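Okay, structure first, notes after.
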Amino acid sequence: MKEITVRVSRFDPATDTAPHFETYTVRVNDGARVLHALHAIHDEHDPTLVYRYCCGSGQCGSCAVRIDGEPGLACMEEARDGMTVEPLALPVQKDLAVDMEPVLKRIARIRPADDAVLPSQEEIEAIKPLRDCIECLSCVSACPALQVTDFAGPTVLRQQMRLALDPRDTQNRIDEAIEKGLFYCTTCKRCVQVCPKDIEIPGKAIEKLREIANRRGLTLPRHQEVAKLVEETGRSVARTEPTFLEQVPEVIEPEGEVRGEVGFFVGCMFNGRVPQTALDAMEVMKRNGIRVIVPHDQVCCGSPLIRTGQTSFINDLKQKNIDAFTRRGIDTVMTICAGCGATLKNDYETPFVVKDISEVLTEYGIEPPAKLDITATYHDPCHLLRGQGISKEPRELLRQVVREFREMPTQCCGAGGGVRSGVPEEAAALGAKRDEEVRKTGADVVTTICPFCEFHIADCTDVPVKNLATLLLEGYRKKDAERSDE
Amino acid sequence: MSCNYFMIVYNAQTNKMLASEIVDCHVLVIGSGGAGVRAAIEASRYGDVALVSKSIAGKGGCTTMAEGGYNAVLREADSCTIHREDTLRGGAYLNDPALVDALVTEAPERMADLIRWGAVFDVTGERKIAQRPFGGQRFPRTCYAGDRTGHEIMATLMERLDATGAEVLNEYAVIDLLTEGGRVTGAAALDTRGDLVLLQADSTVLATGGGTQVYDISTNSAAGTGDGFALGYRAGAELIDMEMVQFHPTGAVYPYDARGRLVTEAVRGEGGFLLNTRGERFMERYDPERLELSTRDVVARAIATEILEGRGTDQGGVYLDVTHLAPGEIETRLPVMLEQFLAFGVDIRKEPMVVAPTAHHIMGGLAITPECRTTLPGLFACGEVTGGVHGANRLGGNALADTQVFGKRAGEAAGKAPKREKKIDPEQVETLKGMLDAYLAGSANPAAVRRELKIAMWNGAGIFRTADELGGALATIDRLAGLPLRAASPQNLIECCTVRNMCTTASLVVRSALLRPENRGAHVRKDVTTSWEPAASLYGHTRISLQGARIEQREGTA
Ligand SMILES: Cc1cc2nc3c(=O)[nH]c(=O)nc-3n(C[C@H](O)[C@H](O)[C@H](O)COP(=O)(O)OP(=O)(O)OC[C@H]3O[C@@H](n4cnc5c(N)ncnc54)[C@H](O)[C@@H]3O)c2cc1C
């Protein structure tokens, strides 16, 4: 037995105006789950504590709560000393029990044909990954789109795809999915992160539903424009000024000793809209002895098309990009755009390794820059944090170049998944939430590694937004300036 | 402290709670597991149905937890006759043959219903429902959806239920059946706030599932407290074979607070080995032919014996090992097991699980006819709350089939039953109110009572039994049942009623166990010797009701 202290949110809407926390010290056995700690509170301290549970083995989806802010199943998450347990972000009935019914009711139910027969093995195998859902509503609690739109929720859309895949079903699940907010999903993958069954809702449901919608001509007009542009120019951004690729040679040699070599995938935003940031990144590479090879025949990675379900010519793009790098014998490709990086890593089968700039710089180790006299915060791009599992490296690099680093809570900025162009009100509302958090930190600058986030957050806050590479370069310039002063 | 009582009657037609007017539904189904939901679907073809459930429908009970599969004869090479024989032999010939006939002949049809309604079962390359081998069966006839078969069935049934007009009342715990002149006329329930709700119906279907939560170590969901056995018994129904409690051979032992959690038989079905700490595949000594795939009673006793004789691990279990299987096979065939054990720090692709027996299934229950009529007019029952289908030991995969076959039968019979004039017996309601008031004024912590009860049952009425130990357990149960339970608030009344039910169910198990002086199936008495084969036993069902308790005995010599 061991003793742990647990903070639990208590709330009775019938008598209280707001939830409050109570702290309990309970004895549980080694390996006890959160549920067992709640049982101990209920059995030994306060029998009026209300929480829902049933199977105790992660199969019924009754007991999801937020543990230190993260949704999860009380019966599966290990109880930790000092943890805080709160209800899911849904209307609270009492204490930890929330009203699940309104969401459960929006989950569509199959309407099979009268002569429905057994599906084939392939059909079953396609449905299965979407069928593991236990409807615990962790994803609904965590989804940012739900905070600002009437998006029905990740699992609701999951079910739309599960039904669309079933040959027995008779309904039009695509129109329904659009009504339920198919285009509201920013593909931030927060739902995947909290799902106890690891269901890939954005990739396996949302993007696939958007694909079917696309085949039926239901893609949003703004998204269609992007696809047309890519089809005609190979780029998702129209050329308005000299592009990055037009400004650099195929090989950028470092200053001094060559410590390494990478291929560079620039991405449409950095190529066409903000080439200066990409040029800054090249300076940082030079400074750190890394040779950069930039194939000029690279094209759009396809991310804006995949995220919006417009995949008819995606294979051409993939092939062009893979060829561009393999032809030059490159074995590591660096990205500086979180979206491109996640796409190359997750949607491509590449014969080369793909790394984000923060990974490359951390692996080689950087020359220490001078510290800029500013306070910075960092916005985790969804496609870097969850798309590529990278959170430590950018923070460590950032700490080396600013006087002070302050964390802010992670949340999608609202730009991804075609939402910025397709549903601008939603993107603005999520951006406004970022602005609030940014301002709470009191930082002088927001740093990030994704041009979409950078652009969008810059639209939503007065605090300057900068790419990490640009800050590093500023650090080196300061260092040089200080040296020449001496 | 006082509690609010609302005389409320549920109106299935307008979906309104009415304060004084009495409106009834045609069929009331109690319980939202596989049996209850199947019954509600069927009954809704005949009239208004209300489904009342202690948990959120679809999320409660043991059906969602069932992992391994559903037995049905689907192949030319298999036959209902063989399934029947396997079931009877597995059940030590205590099964009611008419119920077994219904089970084996209709299990395939009910499977076909599920497929028509959208169930996602595993399918072979030849577009046939895939089947795996399960213990005690001569043909691999267990259909499955990975190792989340019950969840798949439940999801499918909930989708189907949605297409009927049945009203679902979530999170209402039935605390007693309502009776009028010996006939069941509905039920009294508590909502989560502790308000009393009265439900009236022409027919009532009891589908509350099992009750092995009366044991310290159990696989059952939190709803598996045996409420239905107690509800039926108090209303006057007869129950049979309540001593027949299946101990599943393989329950997890770690973490301690989650002990008993099921490790599906599919692990052995897919080729898992049982090993003791000496590395011996000990089933060779207990059942050399069927080994790990022997019937559950045999495997459970073998494991218990290995542990008792000192060949178990420090945690009090034996090893269940699948590390010789390909990792990919484990990932696709046993995903839930893999995920659960990973959560507890064990990668079953690389290291063995540690397992020990756990109380799993109550084979006994309300006596029913093949039409699911109980001995009480107006009351039907289906699923684990009934007795007779599985005899003295249930075969893995037969319970899910049971829920569908008898769920349909109960729904149909209840639906076809005539409409009646109904009255609520005010005296019964007053008595109930009195009981609830007493809980609000009580003093015994229900959690402490529950804990003591569970330990008494595990120690006194477990895998190996003696009259002495059973007697001791009964004395404890009687004492606990007499304690003045305390509800700290109206919302805690349900807990008190549940503990009351647990005491009743535990007592039914123990009293029945004392009646059976033989070793048969899951019931093993160390203080008696049994010289006959089960098929030749002189004993039939134990029968227990408010009228008394007895064991059926045939004339003749063994
Ligand atoms: C972990 C586990 C795994 C299993 N695996 C298999 C398997 O692979 N194959 C197989 O054939 N069998 C298996 N079984 C057995 C099988 O799952 C059960 O016997 C069967 O599902 C019981 O179904 P049911 O509908 O009778 O009851 P349940 O599914 O248990 O449902 C009972 C319902 O009644 C409700 N209820 C209970 N009391 C009240 C009350 N007082 N008022 C209102 N509602 C109430 C509950 O909330 C619940 O909704 C397994 C059992 C367990 C525990």
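Predicted model, so just to flag it, every value in this text is computed and none were measured. Every chain is numbered from 1 and lettered A, B, ... according to where its sequence line falls, protein lines coming before strand lines.
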At a heavy-atom separation under 4.5 Å, does [X] approach chain A through its side chain, its backbone, both, or neither?
X      : answer
B:I56  : side chain
B:I129 : both
B:T219 : neither

[options]: which one forms the most heavy-atom pairs within less than 4.5 Å of chain B?
options                       : answer
A:E122, A:E123, A:Q93, A:M100 : A:M100
A:G31, A:C60, A:C54, A:A40    : A:C54
A:H39, A:K94, A:E78           : A:K94
A:G56, A:G58, A:A116, A:C55   : A:C55
A:D115, A:I134, A:I107, A:V50 : A:I134
A:D46, A:I127, A:D132         : A:D132

>> Testing the 3.5 Å rule here: is there a donor-acceptor pair between the side chains of B:E126 and A:Q121?
In response: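 No, A:Q121 and B:E126 have no side-chain donor paired with an acceptor closer than 3.5 Å.
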
How long is the gap from [atom1] on [X] to [atom2] on [Y], to the nearest 0.5 Å?
X      : Y      : atom1 : atom2 : value
B:E159 : A:L163 : CD    : CG    : 6.0 Å
B:F121 : A:I124 : CZ    : CD1   : 10.0 Å
B:L262 : A:S57  : CG    : OG    : 8.0 Å
B:R261 : A:C75  : CZ    : SG    : 9.5 Å

Is [X] reaching over with its side chain to a backbone N or O of [Y], donor-acceptor style, under 3.5 angstrom?
X      : Y      : answer
B:R127 : A:L118 : yes
A:Q59  : B:R148 : no
B:D257 : A:N29  : yes
B:N445 : A:D43  : yes
B:E339 : A:K197 : no
A:R168 : B:G118 : yes
B:K59  : A:G61  : yes
A:R131 : B:A155 : no

>> Is there a salt bridge (charged side-chain N to carboxylate O under 4.0 Å, His left out) between B:E152 and A:R162? Walk through the geometry before answering.
In response: CA-CA 13 Å; B:E152 183 55 44; A:R162 172 262 176 273; 5.1 Å; no

> Under the salt bridge (charged side-chain N to carboxylate O under 4.0 Å, His left out) criterion, do B:D122 and A:K128 qualify, and how do the steps go?
Replying inline: CA-CA 9 Å; B:D122 279 54; A:K128 271 169 84 175; 2.8 Å; yes

Can you tell me which of [options] forms the most heavy-atom pairs within a distance under 4.5 Å of chain A?
options                       : answer
B:Q491, B:E495, B:R116        : B:Q491
B:A119, B:A223, B:A252        : B:A119
B:Q340, B:M154, B:K54         : B:Q340
B:S55, B:P446, B:A163, B:A130 : B:A163

> Does NZ in A:K2 sit with more than 12 non-hydrogen atoms of other residues, nucleotides or ligands closer than 6.0 Å?
Replying inline: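 Atom NZ in A:K2 is crowded, with more than 12 foreign heavy atoms closer than 6.0 Å.
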
>> Is the shortest side-chain heavy-atom distance between B:E171 and A:R52 below 4.5 Å?
In response: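 The answer is yes; the side chains approach within 4.5 Å.
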
Between [X] and [Y], what is the shortest heavy-atom contact and its length?
X      : Y      : value
B:Y254 : A:D30  : OH-OD2, 3.6 Å
B:V123 : A:S120 : CG1-C, 4.2 Å
A:A32  : B:P255 : N-CB, 4.4 Å

> Does B:D162 pair with A:R111 as a salt bridge, N-O distance under 4.0 Å?
Replying inline: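 The answer is yes: the pair qualifies as a salt bridge.
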
